[in-house]
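Notes for the one structure printed next.
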Amino acid sequence: MTTLSDKFKITIRIADLPNLSISIKRHEEKAYRDIVDEINRRWEDRKKKVPAEDDKTSMAIIALRFAKQFYDTVMSMKEQQLEQGERQNELNKVLTDFENNIDNILLKIEE
């Protein structure tokens with residue numbers, strides 16, 4: 001449960017926008033600050049590469065690239081989970097086959 005003391009406000013500046021004040025969980029501060037730094041780095045790079053581009057278009061492209069990066073990460077995690085599930089199924093089959101073989105051996109000994 002998040003208590004009031006677990007949250008606090010930070011002030012951030014993204015691109016050429018006025019300062020923004022947001023409430024976050026204390027343990028998320030570094031992540032937010034790192035993300036803001038990355039957005040601002042991409043903003044500066046974009047403005048240098050395409051100085052005539054309007055700010056909304058620049059920010060839209062930056063947002064789209066962040067979304068693509070997030071999508072790629074999620075898809076990669078899903079692939080890893082699927083592969084892990086497949087490996088688990090293979091392991092379960094091997095263990096079941098092993099157990100059946102042991103049972104058969106034990107039954108032959110009892111005969």
Side-chain angles (χ1 to χ4, degrees):
M1 176 179 207
T2 302
T3 64
L4 195 55
S5 65
D6 291 336
K7 287 193 160 198
F8 73 113
K9 286 190 178 223
I10 62 170
T11 301
I12 58 173
R13 184 169 176 93
I14 295 177
D16 294 332
L17 296 172
N19 287 344
L20 304 168
S21 181
I22 60 171
S23 291
I24 62 168
K25 296 175 185 171
R26 287 188 183 279
H27 70 275
E28 295 177 331
E29 180 179 11
K30 181 177 180 349
Y32 274 94
R33 295 214 184 268
D34 288 350
I35 291 165
V36 168
D37 288 346
E38 182 62 19
I39 291 170
N40 287 331
R41 186 193 61 73
R42 290 182 187 199
W43 174 261
E44 291 299 322
D45 288 350
R46 185 92 193 149
K47 295 317 268 178
K48 286 177 188 171
K49 288 179 187 172
V50 193
E53 186 173 73
D54 68 280
D55 292 350
K56 288 182 181 180
T57 300
S58 294
M59 194 54 70
I61 290 170
I62 291 167
L64 180 62
R65 290 192 175 144
F66 260 100
K68 175 68 166 76
Q69 188 176 1
F70 175 77
Y71 174 84
D72 289 347
T73 300
V74 169
M75 294 308 292
S76 175
M77 289 172 62
K78 285 183 178 181
E79 273 182 31
Q80 289 173 3
Q81 288 174 341
L82 181 60
E83 290 170 3
Q84 184 178 9
E86 290 170 355
R87 284 192 301 271
Q88 184 65 46
N89 288 341
E90 290 173 16
L91 179 59
N92 288 343
K93 184 181 179 323
V94 167
L95 290 174
T96 300
D97 290 347
F98 179 72
E99 184 179 12
N100 289 338
N101 286 337
I102 294 293
D103 288 346
N104 288 335
I105 291 169
L106 292 174
L107 287 173
K108 286 181 182 177
I109 291 174
E110 290 178 359
E111 292 176 352

Note to self: Please determine whether a side-chain nitrogen of the Lys or Arg among Asp37 and Arg33 lies less than 4.0 Å from a carboxylate oxygen of the Asp or Glu.
What the structure shows: no
Next item on the list: Before accepting this row, confirm whether a basic side-chain N of the pair Asp34/Lys30 lies closer than 4.0 Å to the acidic partner's carboxylate O.
Entry: yes
Check: Without hydrogens or angle criteria, can the side chains of Gln88 and Asn92 be said to hold a donor-acceptor pair below 3.5 Å?
Finding: yes
Nearest 0.5 Å, please: how far is [atom2] in [Y] from [atom1] in [X]?
| X | Y | atom1 | atom2 | result |
| --- | --- | --- | --- | --- |
| Ile102 | Asp97 | CD1 | CG | 12.0 Å |
| Lys7 | Lys9 | NZ | NZ | 10.5 Å |
| Ile12 | Glu29 | CD1 | CD | 11.0 Å |
| Arg46 | Asp55 | CZ | CG | 11.5 Å |
| Thr96 | Leu91 | OG1 | CG | 9.0 Å |
| Glu83 | Gln81 | CD | CD | 11.0 Å |

Check: Is there a donor-acceptor contact under 3.5 Å from the side chain of Thr73 to the main chain of Gln69?
Finding: yes
Within a strict 4.5 Å, meaning less than it, do heavy atoms of the [X] and [Y] side chains meet?
| X | Y | answer |
| --- | --- | --- |
| Glu38 | Arg42 | yes |
| Asn40 | Glu44 | no |
| Arg13 | Asn19 | yes |
| Asp103 | Glu99 | yes |

Find out if a path of hydrophobic residues (ILVMFWY) with successive side-chain heavy-atom gaps under 4.5 Å connects [X] to [Y].
| X | Y | result |
| --- | --- | --- |
| Val50 | Ile39 | no |
| Trp43 | Leu17 | no |
| Phe98 | Leu106 | yes |
| Ile35 | Ile61 | no |
| Phe70 | Leu64 | no |

Notebook entry, point to check: If every non-hydrogen atom of Glu53 is compared with every non-hydrogen atom of Ser58, which pair is closest and at what distance?
Noted result: OE1-OG, 2.6 Å
Item checked: Atom CD of Gln84 with >12 non-hydrogen neighbours under 6.0 angstrom -> no
Margin query: If we check salt bridge (Lys or Arg N to Asp or Glu O under 4.0 Å) with Asp45, which of these qualifies: Lys49, Lys48, Arg41, Lys47?
Written below: Arg41
